[in-house]
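To start, the structure itself, in structure tokens.
Numbers restart at 1 for each chain; the letters A, B, ... are given by sequence-line order, proteins then strands. Reckoned from all heavy atoms, side chains included, excluding hydrogens, waters and symmetry mates.
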Protein chains: 2
Amino acid sequence: MERAIRPRTTPQLTVISTAIQGDHSHPSAEDIYLRVRKVLPRISLGTVYRTLQRLVREGTIQMLFFGERTARYDPTLEEHDHFICQQCGRVEDVRVEREQQMDFASLVRAGFTIAAHSLAIRGVCQLCGRPGEPRRRPRRTGPPVPTKRERTH
Amino acid sequence: MERAIRPRTTPQLTVISTAIQGDHSHPSAEDIYLRVRKVLPRISLGTVYRTLQRLVREGTIQMLFFGERTARYDPTLEEHDHFICQQCGRVEDVRVEREQQMDFASLVRAGFTIAAHSLAIRGVCQLCGRPGEPRRRPRRTGPPVPTKRERTH
DNA sequence: CTAAATGCAAACGATTTGCAGCCCC
DNA sequence: GGGGCTGCAAATCGTTTGCATTTAG
């Protein structure tokens, strides 16, 4: 018989959990790391990743991807859809009414078991759509990338 | 005035294009690389990535993500949905009837401009659902991972 | 001829992981 | 006080990129 694992409550877990609660901005692990660091300056990025993994495993939060390679985390568990702005990159929670229900019957008939479905809508958000500010993807902030190649060949 | 770029037709482009045509298995760049290598053994993975980028840019194929970090490529341009099997990882093209249309009106009213939307359905596919074979994610094939850490510390 | 595309290998960015020490239960 | 968790740094994975060279047009 295998000894059951008893998860522990650590300050890191507590701070990370509360940092995401009610956050509808769909932060990345790095976003969360920077935020949590203000409270626990010695926390490591590895711990943030491990803790997020655990929260996902325990069903507290969702891990989502929006056509990028970086995972985003979402504390909202109720069914909702996402709007991804092609201009500024922001992801917004939205709710699209399905006038009647979508018809999964044919899929079920074909032998599929359906566990969940997600709807992602792409376009231009209210803010970017407003004339005036041309506004372009704000992601990728930080220092002006001094990182260049260092080889001399 | 800037000199226009005239793309060229190379054997690599031709072989990669035909390799993806009609392929509904949503192959990754690596999958395509292995396939193309049988015809052009000296092709590099870099060229495969660059060529796929070009095909996406030119609108010949689509690049998709399904909750993994690896991009998948899809030559089907018509509107269709995707079913992702949580057990074997396969991605299948499906079509879910929207009984009536989905109601984007409220989003448009709120100032969003809608360019596209995608529906992903997760669950267990016909094959995995059939009793008998317990079947588990076949992805990550190849040699038994001899790659271990090499540090001695 | 000449600019675009290739092969190669190094670089990158996001995430994971081995390990030794720390500290929650 | 023992096993889970942390910080650290190195490793891994998928993808990109600089450069010298080849090649399509």
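Defining each end axis of the helix from C:dC1-D:dG25 to C:dC25-D:dG1 as the rotation carrying four pairs' C1' atoms onto the next four, with five pairs an end, the two axes are found to diverge by 40° to 10 degrees.
Two residues are said to be in side-chain contact when any heavy atoms from C-beta on lie closer than 4.5 Å; A:Val108 and A:Thr113 fail this criterion.
When rounded to the nearest whole Å, the span between CD of A:Glu58 and P of D:dG4 equals 14 Å. Here the P atom of nucleotide D:dT6 and the CG atom of A:Leu45 are 13 Å apart, to the nearest Å. Distance B:Glu68 CD to C:dT16 C1': 16 Å, rounded to the nearest Å. For A:Leu34 and C:dG13, the CG to P distance is 15 Å, given to the nearest whole Å. If you take CG of B:Leu13 and C1' of C:dA4, they are 12 Å apart, rounded to a whole angstrom. What separates OH of B:Tyr33 from C1' of D:dT16 is a distance of 16 Å, to the nearest Å. Regarding B:Gln53, its CD atom lies at a distance of 17 Å from the P atom of D:dG14, rounded to whole Å. Remark: P of D:dG14 and CZ of B:Phe66 are 17 Å apart, rounded to the nearest angstrom.
The side chain of A:Thr10 contributes no N or O atom lying less than 4.0 Å from OP1 or OP2 of C:dC23. For C:dC25, one of the phosphate oxygens OP1 or OP2 lies less than 4.0 angstrom from a side-chain nitrogen or oxygen of A:Thr9. Regarding contacts with the backbone of D:dT6, every side-chain N or O of A:Ser44 stays at 4.0 angstrom or more from both OP1 and OP2. Residue B:Arg54 places at least one side-chain N or O under 4.0 Å from the OP1 or OP2 atom of C:dA5. Distances shorter than 4.0 Å separate none of the side-chain N or O atoms of B:Tyr49 from OP1 or OP2 on D:dT16.
When ring centroids are compared, A:His80 and A:His82 come within the 6.0 Å threshold.
Among the protein residues, A:Glu30 comes within range of no part of the nucleic acid, since none of its heavy atoms lies under 4.0 Å from any strand. Among the heavy atoms of the strands lying under 4.0 Å from A:Arg6 are primed sugar atoms or P, OP1, OP2 only; no base atom is included.
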Identify all side-chain donor-acceptor contacts of residues 5-13 of chain B below 3.5 Å with residues at least two apart in sequence or on another chain.
unit_1, atom_1, unit_2, atom_2, d
B:Thr10, OG1, B:Leu13, N, 3.2

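Pairing each heavy atom of B:Phe112 with each of A:Gln126, the nearest pair is CZ-NE2, 3.1 Å.
The main-chain N or O of B:Val96 is found under 3.5 Å from a side-chain atom of B:Asp81 such that the two form a donor-acceptor pair. A distance-only check finds a donor-acceptor pair linking the side chain of A:Asp31 to the backbone of A:Ser28 [under 3.5 Å]. A donor-acceptor distance shorter than 3.5 angstrom exists from the side chain of A:His26 to the backbone of A:Val91, with no hydrogens or angles considered.
Comparing B:Ala29 and A:Val48 by the nucleotide of DNA chain D whose heavy atom lies nearest to each, the residue mapping closer to the 5' end is A:Val48. Projected onto DNA chain C by closest heavy-atom contact, B:Arg8 and B:Gln12 fall at different nucleotides, the more 5' of which corresponds to B:Arg8.
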Stepwise side chain to side chain donor-acceptor pair (under 3.5 Å) test for A:Thr47 and A:Ser44: CA-CA 5 Å; A:Thr47 297; A:Ser44 74; 3.1 Å; yes

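Picking from D:dG3, C:dA5, C:dG7 the nucleotide with the shortest atom distance to the side chain of B:Arg50 gives C:dG7. Here C:dT15 is the nucleotide among C:dG18, D:dC5, C:dT15 with the atom lying nearest to any side-chain atom of B:Arg69. Minimum atom distance to the side chain of B:Pro11 is reached by D:dA24, of the listed D:dT15, D:dA24, D:dG7. Taking only side-chain atoms of B:Ile5, from C-beta outward, the nucleotide of D:dG7, C:dA4, C:dA14 with the closest atom is C:dA4. The side chain of A:Arg42 lies closest to D:dC8 when the candidates are C:dT16, D:dC8, C:dG7.
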